[in-house]
Number of protein chains: 2
Amino acid sequence: MNAGDKNGRGLSVQAVQRMPYYLDFLKKQLEKGAKLIPASALAAEFNLSEIQARKDLASVCKNGGRPRTGFVIEDLINDIETLLGFRDTSNAVLVGAGHLGQALMSYGGFASYGLNILAAFDSSEKKVGSQVNGKQVFAADKISELCRRMNVHIGIITVPAGGAQIVCDQLVAGGVVGIWNFAPVYLSVPEHVMVQNENMAASLAMLSKHVQKQMGRV
Amino acid sequence: MNAGDKNGRGLSVQAVQRMPYYLDFLKKQLEKGAKLIPASALAAEFNLSEIQARKDLASVCKNGGRPRTGFVIEDLINDIETLLGFRDTSNAVLVGAGHLGQALMSYGGFASYGLNILAAFDSSEKKVGSQVNGKQVFAADKISELCRRMNVHIGIITVPAGGAQIVCDQLVAGGVVGIWNFAPVYLSVPEHVMVQNENMAASLAMLSKHVQKQMGRV
DNA sequence: TAGATTGTTAATCGATTAACAATC
DNA sequence: TAGATTGTTAATCGATTAACAATC
């Protein structure tokens, strides 16, 4: 439902998704005073094969590693952050200031992923005009206009399923090209727009299948 | 970081993850009064190839479809729900009653995915003893004991990154075999435990890479 | 030099797609 | 019967793994 992407140096989608974990670990190692790291250390930490870790690092690291010593941690951090787009901040708006929306607005960790939630929208009159974590909540009918004016390219959808497609259309109309969708519905968008689904139903399905299997075994 | 799984009738992990979307659509069609549906209708709705939709349905549908008419919607719904484990409810506990944790506890939609959050845990004395959406918040040091006593097999982790591994270990000690992890860290678990990461950093990475590319194009 | 570690090229494995036969 | 649609078997494509050469 979201086709794969050919990224720069032959990085697979899955490899890209492993990168944030590597990044986190590398930062911790750097803090501990380490300068160099072999691919095998990452493999051990994340339960991956050494080959995979090595290939992942090789495909992201500009300078490559050195036999015997490994990779320069600082370079790796730099390269991964650049690759993932975490080095410069993108502005985003959020639509749907309910429980989940407020939770996301209040979360401090997005800054290190290069995301800044500028403002929110909601259709409830009660919420419009209020602030959450210092961010203004605007009326939902202003989405397109304000997105365009603020030059925002990322939209976060945390409305109930029923309203998600309409909100999505408005975001796209406002110039948004990347949508982070928490609503449990499939969104239909033009070619140039990417939807990243936080697909909770799918996660739960995987979990409950696993639990079934495990319990069956006992 | 979480290897694929060989499911019953050769259903790929990806196919399983598409199922919740199919399910949603099929239910809507049933409500509209439709009885039968061809695979091509799903393909059109979700922007998939007809072949893929057909194969997905074929691999999940016990009775198979009929040439000319298609698949019986009611049967499909049944088969998919059974496959995904949505038909019988699993109890879960949640650890970390912060913004996100409360949002999940307040969300009404999990019932249709067969998930019931029984109770929560938190390490803050302020929260212990309180209720969120009618669910009790217990002290974090009771996790293992209560999980075992309540026979809970699914744990939801919504604590900050630093505490996630400890919480995870306690859940596993309490008999949990499926963990839904919202903390932005890799969790190390025994073989029989499955971790489903709600990997927000990865989602954001994909989005920001896409936005970069799109903006570069203009 | 020997050994650890990277880098590269080929092999395997799994998922998707294509071609075509079967059926109502 | 003709045509729509499913089901099956083979081909392609992409990601992971394996084997081995290169390098410090």
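The chains referred to below are lettered A, B, ... by the order of the sequence lines, with proteins before strands, and numbering in each begins at 1.
- The six-membered or imidazole ring of B:F25 lies away from that of A:Y186, with a centre-to-centre distance of 6.0 Å or more.
- At whole-Å resolution of the value, CG in A:D56 and C1' in D:dT17 are 13 Å apart.
- If you take CD of A:Q17 and C1' of D:dT16, they are 15 Å apart, rounded to a whole angstrom.
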Identify all pairs in which a protein N or O lies below 3.5 Å from an N or O of nucleotides 4-7 of chain D, and state each distance.
from	atom 1	to	atom 2	distance (Å)
D:dT5	O4'	B:R68	N	3.3
D:dT6	OP1	B:A39	N	2.8
D:dT6	O3'	B:G65	O	3.2
D:dG7	OP1	B:G65	N	2.7
D:dG7	OP1	B:G65	O	3.3
D:dG7	N7	B:R54	NE	3.2
D:dG7	O6	B:R54	NH2	2.3

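- Taking the side chain to side chain donor-acceptor pair (under 3.5 Å) definition, one finds that A:Q170 meets it with nothing, sequence neighbours left out.
- By the salt bridge (Lys or Arg N to Asp or Glu O under 4.0 Å) test, B:R87 pairs with B:E81, sequence neighbours left out.
- Residues that satisfy the side-chain contact (heavy atoms from CB on, under 4.5 Å) test with A:A161, not counting sequence neighbours, are A:P184, A:V185.
- Here C:dC20 presents its P atom at 18 Å from NZ of B:K55, a figure rounded to the nearest Å.
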Listed pairs, N/O of protein and of nucleotides 11-13 of chain C, under 3.5 Å:
none

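- Rounded to a whole Å, the CD1 atom of A:I51 is 16 Å from the P atom of C:dA10.
- Listed by chain and number, the residues in a side-chain contact (heavy atoms from CB on, under 4.5 Å) with A:A92 are A:L115, A:I154, A:I156 (sequence neighbours excluded).
- Between B:L11 atom CG and C:dT16 atom P there is a gap of 10 Å when expressed in whole angstrom units.
- Between B:Q14 atom CD and D:dG14 atom C1' the separation is 11 Å, expressed in whole Å.
- For A:A34, the side-chain contact (heavy atoms from CB on, under 4.5 Å) partners are A:Q29, A:I73, not counting sequence neighbours.
- A side-chain donor from one of B:Q165 and B:D169 sits under 3.5 Å from a side-chain acceptor of the other.
- Taking atom CG of residue B:L36 and atom C1' of nucleotide C:dC24, one finds them 13 Å apart after rounding to whole Å.
- For B:L146, the side-chain contact (heavy atoms from CB on, under 4.5 Å) partners are B:F121, B:F138, B:K142, B:R149, B:M150, not counting sequence neighbours.
- With sequence neighbours excluded, the residues satisfying salt bridge (Lys or Arg N to Asp or Glu O under 4.0 Å) with B:D24 are B:K28.
- Residues forming a salt bridge (Lys or Arg N to Asp or Glu O under 4.0 Å) with A:D56 (at least two apart in sequence, or on another chain): A:R18.
- Comparing D:dA15, C:dT17, D:dT17 by their closest approach to the side chain of A:S12 singles out D:dA15.
- Contacts classified as side chain to side chain donor-acceptor pair (under 3.5 Å) and involving residues 95-123 of chain A (residues at least two apart or in different chains) are given here: A:N91-A:N116.
- Terminal axes of the helix from C:dG3-D:dC24 to C:dC24-D:dG3 (five pairs each, C1' rotation axis) are separated by 0°, to the nearest 10°.
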